[in-house]
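Below is one structure; the comments refer to it alone.
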Amino acid sequence: MATTRHSRRRLRACHECDLLVALPPLRPREKADCPRCEHTLATRHDKPAERSLALAVAALIMLTLSVAFPFISFEARGVTNRIELTETASTLVGFHEPLVAICVLLTVIILPTVYLCGVIWLSLGLLGRHVLPYSRGIARTLKHLTPWMMADVFVIAALVSLIKIAGMADVSLGLSFWTFCAYALLLLLTTQSIDTDWMWFALASEPLAPEGARSGELAAPQGLSGCTTCGLVNRLDAQGRGRCRRCGETLHARTPVSRQRTLALLLAAVVMYIPANLYPIMSTTSLGNTSPSTIIGGVMLFLQHGDIPIAVIIFTASVVVPIGKILALGWLCYAVRHRGEPLSNVTRVRLYRITEFIGRWSMVDVFVVAILVALIRAGELISVEPGPAALSFASVVIITMLAAHSFDPRMIWDDLPQRPRRAWRDRLPRRIATVSSRKESDDA
Ligand SMILES: [Zn+2]
Ligand SMILES: [Zn+2]
């Protein structure tokens with residue numbers, strides 16, 4: 001009944017459980033969720049191109065102002081120092097930490113700039129009803145850039161740094177600190193304003209769904225796969241591979257060697273987590289005395305000073321999140337191959353979503369080091385130097401993020417015995433259900 005010959009229905013294969021569903025027509029501010037795993041399939045915004053363009057232009061202006069004016073200044077024992085935003089990266093190069101510097105520069109300034117310019121380019125084309133050159137490539141790139149932009153994490157790191165040095169120096173915030181906060185917020189709103197489903201429809205319309213596709217069933221057994229970038233459902237070849245007809249993204253029934261790659265990356269993260277904790281993340285020199293501090297040492301220092309909320313933030317970001325993420329992903333890799341686990345598949349996929357969402361927040365401690373190293377530079381009197389753990393810890397964050405990306409959540413559902421289609425149909429949200437049944441009569 002739900003079979004389509006080349007029907008006009010817009011099919012989507014859920015990225016997280018592989019269920020094939022028919023998208024209902026969405027009005028602005030409505031979204032369609034997967035009836036099985038609650039993953040959001042599509043969200044519709046009001047005037048998406050105008051909104052994205054306005055936000056991206058505003059964010060880019062705020063970023064330009066953030067780079068142009070002083071960020072933070074401090075005064076201690078008669079010595080003053082004022083830094084600009086880019087100095088948080090350039091000072092690290094002077095301390096022979098070019099990789100950490102690149103990491104800061106990329107995640108806070110360069111990738112967001114590329115992203116915002118891409119959004120502006122696409123929006124201008126869509127508003128002018130004339131798609132500009134390279135738009136498809138840019139739209140594909142935006143999707144891959146999103147998780148690596150960390151301006152919001154940098155704001156938290158700046159606040160932690162301020163509290164950390166408040167006791168030993170007079171700190172004042174420059175104009176660029178406030179514009180940077182505005183930039184971080186606008187960047188976040190820009191990423192949320194992107195209506196991927198509408199954008200791809202406007203860029204390249206919607207090719208017809210593959211012949212014989214049956215909604216309410218898994219896509220892979222039907223030889224189909226949903227594009228992770230534009231959402232279009234495509235037919236795969238006999239080896240379970242293919243290329244999206246609309247955006248050109250490479251497709252697989254299941255990401256090849258996903259479990260093995262995730263486990264290998266987790267192992268690498270565990271190995272890097274050892275030096276990240278054993279070596280000092282930074283050394284503070286005060287009146288000629290140098291005292292190195294590890295991640296845990298830094299947390300204990302905050303506790304001794306009574307800054308319990310900051311201690312909790314650093315402990316959560318640097319210890320709980322990385323270890324929790326490694327354990328959760330490791331367990332998911334085990335659970336997709338072994339039945340009889342106590343948690344339901346919905347709980348497992350929620351666990352996966354949490355690990356994917358929280359990973360980037362671990363970068364707080366690395367950014368704190370970058371800010372303090374740039375700001376506190378008064379030689380023997382008072383200064384901060386980066387320690388070897390900064391690079392190890394930054395690599396733990398990046399490797400665990402890559403591990404979460406390489407895990408294919410559709411594997412979670414593969415163990416599930418095939419239930420009759422009616423079971424999913426009964427659980428469809430009302431809006432989707434009514435539209436599906438109306439569409440089916442259209443197909444007949
Ligand atoms: Zn789903
Ligand atoms: Zn695609």
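In listed order, ligands and their atoms are each counted from 1. Only heavy atoms go into these numbers, but all of them, side chains included; no hydrogens, no water, no symmetry mates. Throughout, numbering of the chain's residues begins at 1 and tracks the sequence. What you see is a predicted model, and the numbers here were worked out from it, not measured in a lab.
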Q | Geometry at the Zn ion (ligand 2) - Cys230 SG versus Cys244 SG angle, rounded to 10 degrees | A | 100°
Q) Of all the atoms in His15, is at least one N, O or S atom closer to the Zn ion (ligand 1) than 2.8 Å? A) no
Q) Any ion pair linking Glu206 and Arg10 (charged N to carboxylate O, less than 4.0 Å)? A) yes
(Q) Please determine whether the number of non-hydrogen atoms from other residues, nucleotides or ligands lying under 6.0 Å from atom CZ of Phe95 exceeds 12. (A) yes
Q | Geometry at the Zn ion (ligand 1) - Cys34 SG versus Cys17 SG angle, rounded to 10 degrees | A | 100°
Q: Calculate the angle formed at the Zn ion (ligand 2) by SG in Cys247 and SG in Cys227; 10° precision is enough.
A: 100°
Q) Which value, rounded to 10°, describes the SG(Cys37)-the Zn ion (ligand 1)-SG(Cys14) angle? A) 100°
Q | Electrostatic pair Lys164:Asp307 at N-O distance under 4.0 angstrom | A | no
Q | Short N-O contact, Glu38 and Arg350, less than 4.0 angstrom | A | yes
Q) Between Phe180 and Phe177, is the ring centre distance below 6.0 Å? A) no
